[in-house]
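Heads up, the thing below is written out as structure tokens.
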Amino acid sequence: MQTYVPKLIARQPWRVVLPLLGLVLFGSAVLYSAAGGSFQPWAVTHTMRFFVFLAMALVISRIRPDLFKLAAFPAYAVILILLILVEALGFVGGGSQRWLNLGFMTLQPSELMKPAIVLVLARYYDLLPAGEISSWRAMVPTLGLLGVPMGLVMLQPDLGTALAIGFGAAIVIFLAGVPLRWFVGAGAAVAVIAPIAFFTLLHDYQRKRVFTFLDPESDPLGSGYHITQSKIAIGSGGLFGKGFGNGSQSHLDYLPEPHTDFVFATMSEEWGMLGGLFVLFVFFLVLRWGLRVAQNAPDRFSRLLAAGMTLTIFFYVCINLMMVMGLAPVVGIPLPFMSHGGSSMMTNMICVGTIMAVERWSGERRGSGGLG
Amino acid sequence: MKFGDWRNRARARPKPAISSVMLTHTFNRRSFFLGAVQGGVGILLATRMGYLAVAENEKYRLASESNRVNLALIPPRRGWILDRNGSPLASNRAAFRVDLIPERLVHAEQTISELGQILGLSEIEVRDLKDKIDKAHGFAPVEVASRIDWDKFAAISVRLPDMPGVVPQRGFSRFYPTGPAVGHLIGYVGTVSAEEYEKEKNPLLITPGFKIGKDGLEKQYEQRLRGVPGARRTEVTAGGRIVRDLETREDVPGKPIQLTIDGPLQDYAARRLGLESGSVVVMDCATGDVLCMASMPSFDPNSFSDGIGRIEWKMLSGDDHVPLRNKVLKGLYPPGSTVKPMVAMSFLEAGLDPSASVGCGGGLRVGNRVFHCWNRRGHGTVDMAKGIYQSCDVYFYHFAQKIGMDPIAVMAKRLGMQEKFELPVSSQSFGTVPSPAWKEKKYGQPWALYDTVNATIGQGYMLANPLQLAVMATRLATGSQVMPRMLLDKQIPRPASLNFSGEHVAYVRQAMSDVVNGPGTAGRAKLPLDGIQMAGKTGTAQVVGLNISSGKGGLWKYRDHGLFIFFAPFDNPRYAGAVVIEHGGGSGAAYPIARDVMTFMFDPAKGMEALNTLEAGWGGNAIQRMASKYAAAEQLYGDNAPKPVSEAQVERAVDAVERPAPTPAAPQTDAASPAPEPVAPAAPAPAAAPASPGT
């Protein structure tokens, strides 16, 4: 059997690429409909980006663990400098700026920070001797590594990305084996600090979003509008949807951002609950694959790396879906592999590529992999 | 290198408590936990989706439909108001219009200035618009402009996505071809006030373009004229842009009403009143049909229906000619000498011989007082006919004392005084016919001789409105109990007879004819027509005592009211009516108008000729004069014109001026001094008259 499939092709991680391809093509179909039955401006670029970034992920997957370990701190430092640069440019430009214009593309350093924080913390706990895990050395430098970029992103202000960075870091810290009591303590501290931060640090529009989430009907034409319209889109789709191209919520502009943050609602309206279950199923496959890779990983560094990357993807999916279904406040977090947008596709494919790399390392140790 | 140091130190003293194997176990436990959390979140999301899409599907499908489909009511076309010959007094014109819903405005200032530019509104008009928006109640549409042309309409429609809250539409607007001539009679329409919406919670009421009857017949017959709204279902985007029409249901126009009014006559009479403040009523003697019910000055219901602007409000509220009052129904005047034919009829019916005479020496001593005749030089020997056509007061003083007040009061009421007629009007002031019983009840004082004397010359407590005077003229002319009616129906009323003796009716008719055609007080009222003669009776009602003003000239508000009742042809009456001119300075202001109106009735060309000459001297017809007056006021007040009060307040203001003049609180204690009749040949100015307070 295997003789018919060239080895290079057979060795590729099809178990994840195929579901992802399915999801991306489905996403393109939704974007095609959201554009009023046109491949422009979203559907084509979405598919093309996927293939470009898939190539990038496959390249990443061939990188040796040594190089990952070597690059962890320098990559983190470079991205941190970029974040500071963005902040400085934004300050000069007199507004909130989240990206750098590199000429050929716009780069959003805060996006890159999501995989970078996972990488650097995985490396840090890899370096930290096992015995030190319950000492202050396990936490204090970590909080420094996390606090600086998170604070910078918060300043932009971009609450969604800051939370994503914090979540990825928390996952790595948690999986690294830091004693639970520290998490309990941190949880207690957050419970105290959060209300204070909520009223002092957050911007008015962010505060309003939270209030609106708690009671969307209180402001049906203002910020509650987004949540309400999204729920209407999902709810009116029913079991089988209104049919491809028949979504009135998205086509008549009732749904805000039908191609980015609320793409799931756009899809649900036309494909119904079945479409929604398909999307959930694909994410289930991808995330299960990621976690299995992590559990089978050869060493502590790759374990933490794979698990951190998997849960970063999970965070995107979880927050976005909870938002569109009215279970979380509106934060600008797109749905991986479906929302139109280069930065989020790049971040997610970096995560996927890294997990693939880990899978490859473990496969080499066991002498198996790919389709086998 | 820092990290290298750590590694070395860690190697130097490893803690036996925690090993890397234990950390791997921790990782496996915790990653399993995270996997379970992910699975849990997945199940939560699937459940939530099921709840939204399956359990709540019905609710959200409805919500999505109500998003997608916009149901817009189409205001029904209002029923026409027709005159007796079927020509419209109020009709509808197809028009493009623009409304604004304050609640939906996003950039109010910007939108208004943009609208102002496109529509070419003047600064004052923009200010009026802002006033209207300020006092509007959010949900209720505010009219920006109606009757705009296609280009402007298209220009606004194109810019709609940038101007939320603006509603351009094709509809119908109310049109009154003769404008101010029918203002009081028909009333006007306007956008619904908060009170009206509170009373009738009908979504039609706050549909842009819908107008409700605000006054007069438009208000009385609101339900009948309104019709049934149509509806248009359209698919709309969130921004309000219409994607396509789904279905449209046509409106059902309101039912028309046909009046007894003769449109051209109404217009003629209103125009003929000219610069005066007064009213003309003409009735059909056989049926009681009210042919004309003009009250001037008036407002233009066309522009009132578009909303009342600053300048307009300033003009109307500051005018001492009270253009907001319907003088036909709400104006109460002492009838003056116009009651004399009625009093004479009561004498005849009481058995007085019409040839019985009295000598008039310019006054009559009653007790220790002298009651003057308007002609201080006296009329010599006066019988009943001369008493009427020369309007001799002494004749009536004398015989009224003999016959008493009660028969006079009964006759006054039989002829329509103090009567409230069955008419489709919101209110009518019905005045007073004083009698001994009335005075006892009202003031607790006994009837005095001078009360009778005052009443016989239509002064004192006696008050009537112009419609009642016209009814009195009609009933005197026909001897039948003619009832005025305003709605034309197929059933022609047969008025009951008043059971007067035919001889008596003929006698009064002849005497009234002599007023105009004989040696009477209104010789200039003779119709310029062959074979048709008008009969009438002049009247002059004092407004203030002779000690303040002679009533002829001077301050306008002190001048006497001029009255005239008439019917024609005198020997076979077909039409009868009354003219009342407020502060006209005497009956001389009234009967030329009656003459021209009757001339128009029988020979329209001749009537128009007279009017055209007059209007040339007045500066155009009523509509033209109103326009130039508006322009002058705009020049004068400019931006300083006060904000018009709310629509509801305007309505209340209209109501206030319509309230009848109150009966004097204190009883009168003296005789009225009759004002001189104007065309009495060579009547000298009256000598210093005794003070006569309370007339």
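Owing to the predicted nature of the structure, the values given are computational and were not obtained by experimental measurement. A, B, ... follow the sequence lines: proteins, then strands. Residue 1 opens every chain. Values below: every heavy atom of this structure, side chains too, minus hydrogens, waters and symmetry copies.
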Would you name the heavy atoms of A:Ile232 and B:Tyr60 that are closest together and state the gap between them? CA-CD2, 3.5 Å
Looking at [X], I want to see if its [atom1] is surrounded by more than 12 non-hydrogen atoms of other residues, nucleotides or ligands under 6.0 Å.
X: B:Glu65; atom1: CD; value: yes
X: A:Phe278; atom1: CZ; value: yes
X: B:Glu200; atom1: CD; value: yes

Check whether A:Asp253 reaches the backbone of B:Thr237 with its side chain - one donor and one acceptor, N or O, closer than 3.5 Å. no
Donor-acceptor contact below 3.5 Å, side chain B:Arg48 vs main chain A:Met325: yes
Of the backbone (N, CA, C, O) and the side chain (C-beta and beyond), which part of B:Glu235 lies under 4.5 Å from a heavy atom of chain A, both, or neither? side chain
Region of B:Phe33 in contact with chain A, defined by heavy-atom distances below 4.5 Å: side chain
Go through the atoms of [X] and report whether side chain, backbone, both or neither lie under 4.5 Å from a heavy atom of chain B.
X: A:Ala233; value: neither
X: A:Phe174; value: both
X: A:Ala307; value: side chain
X: A:Phe264; value: side chain
X: A:Leu239; value: both
X: A:Leu277; value: both
X: A:Ile234; value: both
X: A:Pro179; value: backbone
X: A:Leu255; value: neither

If you count heavy-atom pairs under 4.5 Å with chain A, which of B:Val54, B:Val41, B:Leu45 comes out on top? B:Leu45
Of B:Arg68, B:Gln38, B:Arg29, B:His25, the largest count of non-hydrogen pairs under 4.5 angstrom with chain A goes to B:Gln38
Can you tell me how far apart [atom1] ([X]) and [atom2] ([Y]) are? Round to the nearest 0.5 Å.
X: B:Met49; Y: A:Leu321; atom1: CE; atom2: CG; result: 8.0 Å
X: A:Met273; Y: B:Tyr51; atom1: CE; atom2: OH; result: 13.5 Å
X: B:Arg30; Y: A:Leu175; atom1: CZ; atom2: CG; result: 8.0 Å

Going by atom types only, do [X] and [Y] share a side-chain donor-acceptor pair under 3.5 Å?
X: B:Asn67; Y: A:Gln249; result: yes
X: A:Lys242; Y: B:Ser64; result: yes
X: B:Ser31; Y: A:Arg303; result: no

Check the pair A:Leu304 / B:Phe27 against side chain to side chain contact (heavy atoms under 4.5 Å, CB included), numbers first and verdict last. CA-CA 8 Å; A:Leu304 291 176; B:Phe27 175 88; 4.0 Å; yes
Any heavy-atom pair between the side chains of B:Leu23 and A:Ile133 that's under 4.5 Å? yes
Is any side-chain heavy atom of B:Phe32 closer than 4.5 Å to one of A:Leu291? no
Check the pair B:Leu52 / A:Lys231 against side chain to side chain contact (heavy atoms under 4.5 Å, CB included), numbers first and verdict last. CA-CA 7 Å; B:Leu52 289 178; A:Lys231 275 157 70 179; 4.3 Å; yes
For the candidates A:Ser268, A:Ser236, A:Cys318, which exhibits the highest count of non-hydrogen atom pairs separated by less than 4.5 Å from chain B? A:Ser236
Which one, A:Thr310, A:Leu311, A:Val317, A:Leu287, leads in non-hydrogen pairs under 4.5 Å with chain B? A:Leu311
For B:Val236 and A:Leu252: C-alpha separation, side-chain torsions, deciding distance, then whether side chain to side chain contact (heavy atoms under 4.5 Å, CB included) applies. CA-CA 7 Å; B:Val236 292; A:Leu252 298 176; over 6 Å; no
